[in-house]
Structures are given as structure tokens and as C-alpha cells.
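Computed from a predicted model, the values in this text were never measured in an experiment. Both counts, for ligands and for their atoms, begin at 1 and track the order of listing.
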Amino acid sequence: MISRMNETRVLVVEDEPSLAEVVSLYLKRAGYQVQIAADGKQAMTILEKQIPEFVILDLMLPEVDGLSLTRWLRDRSNVPIIMVTARREEIDRIAGLEMGADDYVVKPFSPQELVSRVRAVLRRTGREQAGAEPERDLSFQDIHISPVTRTVTLHESPIELTAKEFDLLYLLARHPKQVFTREQLLERVWGGAEYIDPGTVTVHVRRLREKIESDPSSPSRLLTVWGVGYKFES
Ligand code: CA
């Protein structure tokens with residue numbers, strides 16, 4: 001589990017994998033740390049271990065529905081909650097707000113709008129401080145990383161990266177010298193999805209090295225910290 005991370009952790013409870021993925025992507029780009037639960041039961045298991053700083057909760061969920069989950073969560077915590085509802089669920093929306101949800105969005109919604117709502121609720125509840133770091137361009141001598149255009153240039157030539165390779169590089173490079181464990185990287189780049197093999201991180205680091213290191217077998221940027229994880233050297 002994640003512990004000392006200085007970023008706002010958001011739990012996204014959503015049973016549609018593609019929607020969970022896109023919401024997660026937008027939140028991560030905004031600097032939040034994201035975990036996904038695919039149903040109400042899984043959400044409870046996660047929440048019993050640790051309450052995050054924010055919960056985004058789909059109302060129509062398998063196992064335990066969103067309203068029951070809201071009630072259950074409100075007995076334990078005042079963590080901010082944004083409900084995700086369908087247009088026809090107006091009654092549930094009202095019930096959810098009465099049960100203590102902080103805000104709601106109606107499907108289909110723009111992920112960017114959801115991120116703005118998260119920020120607004122955090123501001124309103126006075127929790128936005130250790131929160132999201134704004135995205136910024138990073139430059140280290142020969143390498144330049146731009147999160148807005150999602151491009152990386154090396155010696156001024158663009159490098160082709162996959163979405164995950166980019167996310168991984170940006171996360172590491174945004175915190176030079178900070179060591180991340182494989183679990184932390186899985187958590188933050190892949191949203192902690194449990195079906196992802198931890199070896200995925202190793203594979204992505206190797207591919208990144210092939211793309212950005214002049215000698216991938218003896219890297220000078222993406223370093224392995226034996227027995228711990230990886231770090232970016234500026
Ligand atoms: Ca649903």
C-alpha cells in the first residue's frame with residue numbers, strides 16, 4: 001500500500017473499465033494519485049484498509065450499490081465524495097446528496113469537468129494543500145518532457161512513447177532522485193489495477209531505457225535501486 005506519498009489519493013469506484021481508465025488518466029495528469037475499484041465490495045475492502053483523500057463513486061455498481069456504499073462510508077469518514085450518476089437516477093442523486101455526498105456529475109460528463117469538480121470540492125472542504133501538483137514542463141540538459149503536449153524530445157528530436165511509458169517517465173522525472181517501488185509505480189501509473197503483473201514496470205523501464213538512454217545496458221537517467229525500485233537521475 002501507498003503510505004507517505006505527498007499527493008492527494010483519489011479512489012474511483014466504477015464498474016465500466018473504459019470510463020474508470022479515462023477518469024483515472026485525467027486525474028493523474030492533474031497530479032492526483034488514483035486507485036480504481038470495479039465494484040462496491042472491492043471499494044469496501046480498499047476503504048477498510050485506508051481512507052483516501054477523495055472518492056469518486058458511480059451509483060450503479062455491482063455487489064454493493066453506490067448509495068449503500070455512501071451510507072457505509074459516511075459512518076466511517078467525512079472524505080469528500082462525488083457521485084457519478086445516469087440522467088434517470090435523479091431520485092438516487094438526491095438521496096446521495098442527503099446522505100452526505102459533496103457533489104455529483106451526470107453521465108456522459110467531460111473528464112476535465114470532473115477534475116474541476118474535484119478541485120472545487122477540495123477547495124471548499126479546505127483540503128487542497130498537499131494536493132495536486134500542477135503539470136509543468138521538465139528539462140534536463142538533453143531531454144525535455146512536456147505533459148501538456150505529452151511529448152518528449154531527446155537532443156531536440158521527438159521520441160515516440162506509449163501512453164504508459166510517458167506517464168512512467170513523467171512521474172519519475174517529476175521527482176528526480178526519489179526512489180519509487182514497483183508497487184508505487186503500478187499504483188500511480190496503472191492505477192493500482194490488481195490484474196497488472198508487477199513485471200509490467202520492469203518491461204516499461206527497459207523500453208524507456210532503449211528510447212532515452214545512450215547506452216541502455218548502462219543507464220544514466222533511469223536507474224535501478226537494487227532491492228527497492230527505480231529513480232530518475234537529473
Ligand atoms: Ca455503473
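- In this structure, D102 does not pair ionically with R117, as no charged nitrogen and carboxylate oxygen lie closer than 4.0 Å.
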Pairs of donor and acceptor atoms involving the side chains of residues 226-234, under 3.5 Å and at least two apart or interchain, shall be tabulated with distances.
residue	atom	partner	partner atom	Å
Y230	OH	R182	NH2	3.1
E233	OE2	K177	NZ	2.3

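- T153 pairs by the side-chain hydrogen bond (donor to acceptor under 3.5 Å, both in side chains) definition with nothing, not counting sequence neighbours.
- Criterion: ILVMFWY side-chain heavy atoms under 4.5 Å apart, direct or through other members. Under it, I143 and V205 are part of a common hydrophobic cluster.
- Shown are the protein N/O/S atoms under 3.0 Å from the Ca ion (ligand 1), given by residue and atom: D15 OD1, D58 OD2, M60 O.
- A salt bridge links E16 with K107: the distance from a Lys NZ or Arg NE/NH1/NH2 to an Asp or Glu carboxylate oxygen falls below 4.0 Å.
- Here F109 pairs with nothing under the ring-ring contact (aromatic ring centres under 6.0 Å, His included) rule; sequence neighbours left out.
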